[in-house]
2 protein chains.
Amino acid sequence: MPPKSATNAERTRERILQATERLFLEHGFDGTSLRLITAAAGVNLGAVNYHFGSKDALFEAMLARRLDPLHAARLALLDEYQAAGQAPLSCEQLLAALFKPALALAREASPHCDFLRLLGRAYVDPSPVLRKLLAERYAPAIARFKDAFAEALPQLSRQELSWRLHFMMGALAYTLAGADAWRLIAAIQPEAERDDELLLRRLTPFLLAGLQAPAPLLDDESRTTPHRAASPEESR
Amino acid sequence: MPPKSATNAERTRERILQATERLFLEHGFDGTSLRLITAAAGVNLGAVNYHFGSKDALFEAMLARRLDPLHAARLALLDEYQAAGQAPLSCEQLLAALFKPALALAREASPHCDFLRLLGRAYVDPSPVLRKLLAERYAPAIARFKDAFAEALPQLSRQELSWRLHFMMGALAYTLAGADAWRLIAAIQPEAERDDELLLRRLTPFLLAGLQAPAPLLDDESRTTPHRAASPEESR
DNA sequence: GTCTATATCCTGATAGAC
DNA sequence: GTCTATCAGGATATAGAC
């Protein structure tokens, strides 16, 4: 691909993709109209459908361009760790296999793309289009990590583990997305700081402790009656 | 709602609010059109603007109806705990002051309203309308909890605490929202289980451990990732 | 007062001109 | 190949009938 073959068409495509990324971060899928995108990219409305076919396909292309390499790198690192020794991997290692590729790509892509925020937003966006895309595309990669976590945390029941990973995913996605409910609500977050590496280094001990916490004492996994006697209202 | 004194208008209002709650859970703010709402509620489009004035005002009314009592109850419980003893409250107590009113209202409102899911969705929705609403309306309540957490976790710097609360909020909101990225992606979540109380009892030890985890050593390399000696361009 | 009918703008998509 | 002009339907909001 010599500089001459970087045709006008390819540069148009690129401008559309970058505008889509940026606007998606701010407005989500439903809130980002094609007109907003084309206005920001300085291209015509029809160009989107010419290059990508539809809004759905455009967003799929935009996300796949960033997330495919991420998941490939994550699995490669997981493979590497698993090949290194026969003992089960630790939670630290698994978090590293999840975070390090993300950080590397974030550094690589920046400043064109706020990569980690894009990742978070994709995970919390309510649009069925994105949910379905993520579900279909990245299920195998995530399932491998789930199995690895199951080995790292054998004391947890499969159900308990599922929930813990869900909690972890929530803290991660919400934080990355900058879904700043608390920041807005209570000025909780210091103004300037937005250092991806620092953020993940703060997040890691929180998640590790949460994952390794003792399992809660539940009265019975198959509770038939939610006994109101032990209900929290009366106790103090 | 008394059966006879409920005028036609009031019942229309109520049907609109209930439809809005249900559809917002599924589609988010941007994805929930007034047409969708009026079709579900069996009322005319104009009725919404007559009763509420605008889409924004409708969603504000819908959320305030649920979240105002929640935050009032949370603050009342916090007051009660703080009045009981002069020692700083524990994290357990603070989580209880956050969770117990939510659970009580969830039980009360159900099955008309999936209260906790509504709460979570409101926190993760990308729409600026909702973000602004939550920020302006519930800032004082949340700030009080932040101060209380600062007393409960004196070993954490203010900045570290801010992040931990942010992480906690993420796990909470994401889980409550049923933002089922991982569920969809990896069938992580067991099918049937959706028991609010059980969910919060699983979440509590995770959050407690995370909040109380030792603070990361940010300038020391002793807590870097395992297995790999060389981290990619460690420049700080 | 309450809701029907309508107005006006915006959305995603396409057919066809350059 | 790329973009202009335009479509049919959906978006919110309002003017006016009962």
Side-chain angles (χ1 to χ4, degrees), chain A residues 1-24 26-63 125-133, chain B residues 1 4-24 26-63 125-133:
Chain A
M1 41 205 79
K4 204 60 177 148
S5 86
T7 64
N8 239 340
E10 278 167 6
R11 287 191 296 108
T12 297
R13 238 185 97 97
E14 181 61 26
R15 280 215 310 281
I16 293 174
L17 284 173
Q18 287 196 9
T20 305
E21 279 178 354
R22 191 167 55 77
L23 292 167
F24 170 67
E26 204 170 343
H27 303 105
F29 180 83
D30 287 317
T32 304
S33 70
L34 291 184
R35 293 183 139 82
L36 218 59
I37 292 170
T38 53
V43 303
N44 188 274
L45 189 59
V48 168
N49 273 302
Y50 169 70
H51 285 288
F52 297 96
S54 72
K55 180 181 178 179
D56 292 5
L58 165 62
F59 277 75
E60 174 163 356
M62 179 270 286
L63 287 175
D125 195 276
S127 159
V129 178
L130 297 196
R131 313 301 284 277
K132 189 159 174 290
L133 169 64
Chain B
M1 50 189 108
K4 263 322 176 195
S5 78
T7 68
N8 233 344
E10 279 167 3
R11 288 191 294 110
T12 297
R13 238 185 98 96
E14 180 62 25
R15 281 216 308 283
I16 293 174
L17 284 173
Q18 288 196 9
T20 305
E21 280 178 355
R22 192 166 55 76
L23 292 166
F24 169 67
E26 204 170 345
H27 303 106
F29 180 82
D30 286 317
T32 304
S33 70
L34 292 182
R35 294 173 126 84
L36 219 58
I37 292 170
T38 53
V43 304
N44 187 276
L45 231 170
V48 167
N49 273 300
Y50 169 69
H51 285 289
F52 299 95
S54 71
K55 180 181 178 179
D56 291 5
L58 164 62
F59 277 75
E60 174 164 357
M62 179 270 285
L63 287 174
D125 195 276
S127 160
V129 178
L130 296 197
R131 312 301 283 278
K132 188 158 175 290
L133 169 65

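Every heavy atom of this structure was used, including side-chain atoms; hydrogens, water molecules and symmetry mates were not. Here is how names work: the chains are called A, B, and so on, in the same order as the sequence lines, proteins then strands, and each is numbered from 1.
Rounding to whole angstrom units, CZ of residue B:Arg11 and C1' of C:dG1 are separated by 16 Å. We find that CG of B:Leu36 is positioned 10 Å from P of D:dT12, with the value rounded to whole Å. Residue A:Arg13 contributes atom CZ, which lies 14 Å from atom C1' of D:dG1 at whole-angstrom precision. Per the geometry, CZ belonging to A:Phe59 stands 13 Å off P belonging to C:dT11, to the nearest Å. Note: CG (B:Asp30) to P (C:dC10) measures 16 Å, nearest angstrom.
For the side chain to side chain donor-acceptor pair (under 3.5 Å) condition, the pairs that include at least one residue of residues 46-63 of chain B, sequence neighbours left out, are B:Glu60-B:Arg137.
Applying the 4.0 Å criterion to OP1 and OP2 of D:dA11, one finds that B:Ser33 has a side-chain N or O inside that range. Residue B:His51 places no side-chain N or O under 4.0 Å from the OP1 or OP2 atom of C:dG1.
Here B:Phe59 and B:Phe29 bring their ring centres to under 6.0 angstrom of each other.
Shortest non-hydrogen contact noted between A:Leu36 and A:Gly31 is CD2-O, 4.0 Å.
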Give me the distances for all protein-to-nucleotides 13-15 of chain C N/O pairs that come in under 3.5 Å?
unit_1 : atom_1 : unit_2  : atom_2 : d
C:dA13 : OP2    : A:Lys55 : N      : 3.0

(Q) Under the criterion side-chain contact (heavy atoms from CB on, under 4.5 Å), I'd like the reasoning laid out for A:Thr20 against A:Val48: C-alpha separation, chi angles, the key distance, then a yes or no. (A) CA-CA 11 Å; A:Thr20 305; A:Val48 168; over 6 Å; no
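Applying the side-chain hydrogen bond (donor to acceptor under 3.5 Å, both in side chains) criterion to A:Glu26, with sequence neighbours excluded, gives no partner residue.
Note that CG of B:Leu45 is 6.0 Å distant from CG of B:Leu34, once rounded to the nearest 0.5 Å.
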